[in-house]
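The structure appears below as structure tokens.
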Amino acid sequence: KEKHKILHRLLQDSTSPVDL
Amino acid sequence: PESADLRALAKHMFESYNKAFPITKAKSRAIMAGKTGDKSPFVIYDMNSLKAGEERIKFKQTPLQEQNTEVEIRIFQRCQFRSVEAVREITEFAKSIPGFINLDLNDQVTLLKYGVHEVIFSMLASLMNKDGLLIAAGQGFMTREFLKSLRKPFCDIMEPKFEFAMKFNGLGLNDCDIAIFIAVVILSGDRPGLINVKPIEELQDSILQALALQLKISHPDSPQLFAKLLQKMTDLRQIVTEHVQLLHTIRKTEAEMSLHPLLQEIYKDLY
């Protein structure tokens, strides 16, 4: 889970910023 | 499922595609044909037009320390920003596939990890013709020759995508066909590390039926289109494998290059 934490976050809330 | 259900599924996927992706094939073709009434895209074909384009085009993100960095690195960074945006858009689209969010969360991650680049390269074809590609939501058009003229290894990034795009565009798909196709790609039950394959294959199966029916209706004169399109899935895997290898090289040789954390997550242990 730690390995893909941004993907996890996007799946659960895609409106959260990805810090572009 | 009954054909009415399959048509409803196709319509649903087309609607979520339009919602998730700001630039469709129809829009892109209209821009390239100069039929939108907007300004025509600013053409970038050499270093001078690149400089002018960078001032004229309103990019969504302006990376820091841009001025001093080398052209190749700047272009590559913009590709990265666009890819990160695309991953977010594709995630939204995936979540709209009926049943996707009920899959095991780790499997959802795996499907996206392996699927996003195949989707990106399928959809990139919509922005390409044999001479170049639309950039910055259609504000610019970068020529294929210019991309080929960049220094090694950057000149090798886009050419295989153009070659794929020319073959893919030859199938003459419309946006609705593409919408269902990318859902099929995402729901591939043979990705490494999947925990629960069966529900994924069941979802993919109904989307495949929707795709077969959609192609039959929208391309009655090409009975082989469904089979031809499924063959493209193999080409897509090949392109992604080569892309990942090239990125490994770039990361080793280009000290200045940083890779966005989301892309790092996706590329890590991919192939």
Side-chain angles (χ1 to χ4, degrees), chain A, chain B residues 16 19-21 59-64 66 77-97 100-117 119 186 191-195 258-270:
Chain A
K1 204 163 191 168
E2 265 307 290
K3 257 173 68 182
H4 299 105
K5 56 175 187 227
I6 308 177
L7 272 179
H8 270 276
R9 209 177 73 211
L10 276 180
L11 276 164
Q12 284 163 324
D13 174 21
S14 65
T15 57
S16 69
V18 199
D19 302 325
L20 289 168
Chain B
S16 358
K19 220 184 272 172
F21 304 113
F59 289 100
K60 241 175 145 182
Q61 309 88 20
T62 305
L64 299 170
E66 178 153 283
Q77 296 291 19
R78 292 214 189 276
C79 288
Q80 275 203 57
F81 289 126
R82 184 62 192 102
S83 302
V84 170
E85 275 288 307
V87 172
R88 188 213 297 270
E89 293 162 10
I90 295 163
T91 306
E92 271 314 281
F93 176 79
K95 282 157 73 176
S96 79
I97 303 172
F100 183 87
I101 52 168
N102 304 323
L103 297 171
D104 183 293
L105 185 58
N106 292 299
D107 283 349
Q108 295 180 39
V109 168
T110 303
L111 292 177
L112 285 174
K113 180 184 176 82
Y114 285 89
V116 284
H117 280 89
V119 173
I186 293 169
R191 306 296 192 191
L194 285 175
I195 300 159
S258 58
L259 196 58
H260 189 284
L262 175 59
L263 300 178
Q264 283 184 38
E265 268 186 27
I266 291 171
Y267 289 127
K268 188 157 191 321
D269 309 318
L270 189 68

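Residue numbers begin at 1 in each chain, while the letters A, B, ... track the order of the sequences.
- Side-chain atoms of A:Lys3 and B:Asp269, non-hydrogen and from C-beta on, do get closer than 4.5 Å to each other.
- Take B:Tyr267 and apply the ring-ring contact (aromatic ring centres under 6.0 Å, His included) test, not counting sequence neighbours, and it matches B:His117.
- For A:His4 against B:Lys113, the heavy-atom pair with the smallest separation is NE2-NZ, 2.9 Å.
- In this structure the side chain of A:Leu11 never reaches within 4.5 angstrom of the side chain of B:Ile101, judged on heavy atoms.
- Across all their heavy atoms, B:Glu265 and A:Lys5 have their closest contact at OE2-N, 3.1 Å.
- No side-chain heavy atom of A:Leu7 sits less than 4.5 Å from a side-chain heavy atom of B:Gln108.
- A 4.5 Å side-chain heavy-atom check between B:Leu105 and A:Gln12 finds at least one atom pair inside the cut-off.
- Of the inter-residue distances, the one linking B:Thr91 atom OG1 with A:Leu10 atom CG reads 5.0 Å to the nearest 0.5 angstrom.
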